[in-house]
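For reference, the structure is listed below as structure tokens.
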Amino acid sequence: MSDGRGTSEAEIWQRAIQLASRGLGWTSPNPTVGAVLVKDGRVIGEGWHRRHGDLHAEREALADARRRGNDPAGATAYVTLEPCAHTGSQPPCADGLIEAGVAEVVIGAEDPTGKTRGKGPSRLEEAGISVRWADGPFADLARALVQDFRKRAITGKPLVTLKTAMTLDGKVATRSGDSKWISGDESRALVHRWRAEMDAVAVGSGTQLADDPRLTAREVEGDPVRQPARVIFDTGLVTTPGAALFEDIDEAPVLIVAGPDPDPERAAALEAAGAEILPVGGTDPGERLGRGLEALGSRGIGSVLLEGGPGLAGVAVSAGEVDRTQVFIAPLILGGGRPATDGPGPELIADATRVPEVRVSRVGQDVLMSATIRTW
């Protein structure tokens with residue numbers, strides 16, 4: 001952002017949100033946060049939380065201002081998430097703003113965690129600093145940035161994005177199970193970028209056996225690329241130690257969500273290959289999926305890209321575990337084959353999952369339909 005005078009508040013928020021977005025895929029289990037310092041109508045410092053363990057956005061912005069030779073005293077700090085007031089891997093951000101002598105703090109979204117909620121703003125106000133909250137579209141954008149952090153804080157489960165690629169007639173594979181490739185090169189490149197921004201990528205055991213995927217993020221711009229954890233929902237523990245997942249086990253962990261009593265010999269063989277087995281109970285597939293997501297959340301996983309197959313997708317939708325969808329529709333017609341979701345589903349249209357809004361865009365020759373089912 002230019003340091004020219006007369007910067008509008010809309011431009012400041014756009015910059016803060018842009019900065020926060022740079023931390024996607026790196027900050028978890030912390031949230032992505034951006035901060036911009038403004039004084040006398042110009043930007044004097046900016047920063048973002050680059051990765052877990054590094055300085056938080058507010059202290060990055062203060063350090064940036066000082067590097068530029070700017071005094072943050074009397075400045076207004078725009079922060080996409082409320083400043084923390086506790087000591088973790090870094091000291092409290094609220095204290096840093098107080099010590100710097102800023103005059104005002106404008107906050108984009110609230111932090112739902114008990115250790116933070118309201119404490120930072122209260123400490124700022126007690127120190128005589130004016131605090132106000134963003135409203136309208138910039139508040140919505142700031143909140144959207146931390147949906148994974150918010151959901152895990154509120155429910156203990158990661159944010160679930162269901163991704164699928166289908167033909168014009170709603171099929172994800174031929175009768176023989178062939179699915180390579182329904183979507184185009186541009187769509188697959190976008191999916192790899194999403195993988196790099198997620199904490200985990202997940203498939204069901206059927207997809208793992210049929211496709212033997214690696215589930216890593218490949219050919220993504222930037223160096224290094226953060227690899228997601230690979231998750232297999234495998235109640236019967238049919239995954240084999242010879243799967244492609246284990247060829248690059250040093251790059252990204254493999255977590256296998258199994259049934260409550262996994263076969264000891266199979267479990268031992270998979271653990272020897274490098275997998276972590278997560279046994280979960282439940283009376284039906286939906287309950288087991290929910291408990292599996294809780295197990296992932298307890299390990300610090302805040303976001304999951306659910307890539308299939310139809311059985312797992314159907315269970316996730318029926319169980320109400322999907323928060324977002326990313327559906328690629330390719331210019332192909334099979335006239336048969338496997339549907340995008342499998343399972344019994346509801347008997348009545350009135351009981352179907354309703355999507356509030358769908359955003360439509362073009363990705364190469366494909367159409368991408370993006371939707372948010374619920375917000376946190």
Side-chain angles (χ1 to χ4, degrees), residues 158 160-166 171-183 188 191-192 194-196 198-218 227-263 265-280 282 285-286 288-293 295-296 299 301 303-317 319 321-322 326 337-343:
V160 176
T161 300
L162 175 62
K163 168 261 162 183
T164 190
M166 65 176 67
K171 301 302 191 295
V172 296
T174 64
R175 287 178 298 167
S176 65
D178 180 41
S179 61
K180 296 182 179 179
W181 297 101
I182 288 177
S183 57
R188 296 197 298 277
V191 171
H192 279 278
W194 290 341
R195 288 180 178 180
M198 297 282 179
D199 290 343
V201 176
V203 297
S205 57
T207 295
Q208 195 282 319
L209 290 175
D211 297 344
D212 196 21
R214 290 171 57 192
L215 301 179
T216 51
R218 300 184 294 278
Q227 293 293 344
R230 281 86 58 81
V231 177
I232 311 298
F233 285 91
D234 184 2
T235 300
L237 219 57
V238 297
T239 302
T240 65
L245 291 162
F246 299 107
E247 295 175 4
D248 48 13
I249 191 69
D250 293 337
E251 283 191 49
V254 173
L255 307 175
I256 300 179
V257 180
D261 299 303
D263 180 272
E265 291 186 9
R266 292 180 180 178
L270 290 167
E271 288 171 338
E276 180 181 359
I277 310 299
L278 307 179
V280 298
R288 287 194 294 274
L289 174 61
R291 292 188 179 182
L293 292 172
L296 297 179
R299 281 158 177 76
I301 291 174
S303 58
V304 173
L305 185 64
L306 202 64
E307 294 203 22
L312 180 59
V315 169
V317 171
E321 296 289 0
V322 177
Q326 298 282 12
R338 300 198 66 185
T341 59
D342 209 349

Side chain proximity check, E276 to R299, heavy atoms < 4.5 angstrom:
yes
Does H192 reach the main-chain N or O of R218 with its side chain, forming a donor-acceptor pair under 3.5 Å?
yes
Okay, side chain of T341, backbone of G314: is any donor-acceptor separation there less than 3.5 Å?
no
Would you say D234's side chain and T239's backbone share a donor-acceptor pair under 3.5 angstrom?
yes
L296 and P158: which non-hydrogen atoms are nearest, and at how many Å?
CB-CG, 4.4 Å
For E321, all residues meeting side-chain hydrogen bond (donor to acceptor under 3.5 Å, both in side chains), sequence neighbours excluded
K157
Separation of L215 CG from L245 CG (nearest 0.5 Å):
5.5 Å
Minimum-distance pair of heavy atoms, taken over all atoms of L289 and A316:
CD2-CA, 3.4 Å
For T207 and G308, work out which heavy atoms get closest and say how close.
OG1-C, 3.5 Å
For residues 246-263, run the donor-acceptor check on the side chains, cut-off 3.5 Å, and write out each pair with its distance to 0.1 Å, sequence neighbours left out.
unit_1, atom_1, unit_2, atom_2, d
D248, OD1, R230, NH1, 3.2
D248, OD1, R230, NH2, 3.2
D248, OD2, R214, NE, 3.3
D248, OD2, R214, NH2, 3.3
D263, OD1, E265, N, 3.1
D263, OD1, R266, N, 2.9

List in chain and number order the residues that pass side chain to side chain contact (heavy atoms under 4.5 Å, CB included) with A340, two or more places apart in sequence or in another chain; answer none if no residue qualifies.
T164, M166, V172
Are more than 12 heavy atoms from other residues, nucleotides or ligands located less than 6.0 Å from atom CZ of R288?
yes
Can you tell me if S303 uses its side chain to pair, donor with acceptor, with the backbone of D199 under 3.5 Å?
yes
From Q326 atom CD to T161 atom OG1, the distance as rounded to the nearest 0.5 Å:
6.5 Å
Are side-chain heavy atoms of V231 and V201 found at a separation under 4.5 Å?
no
To the nearest 0.5 Å, what is the distance between CD1 on I301 and CG on L293?
10.0 Å
Just how far is it from atom NZ of K163 to atom CG of L306, taken to the nearest 0.5 Å?
10.5 Å
From D211 CG over to S179 OG, what is the distance, rounded to the nearest 0.5 angstrom?
4.5 Å
Inter-residue atom distance L305.CG - M198.CE, 0.5 Å rounding:
5.0 Å
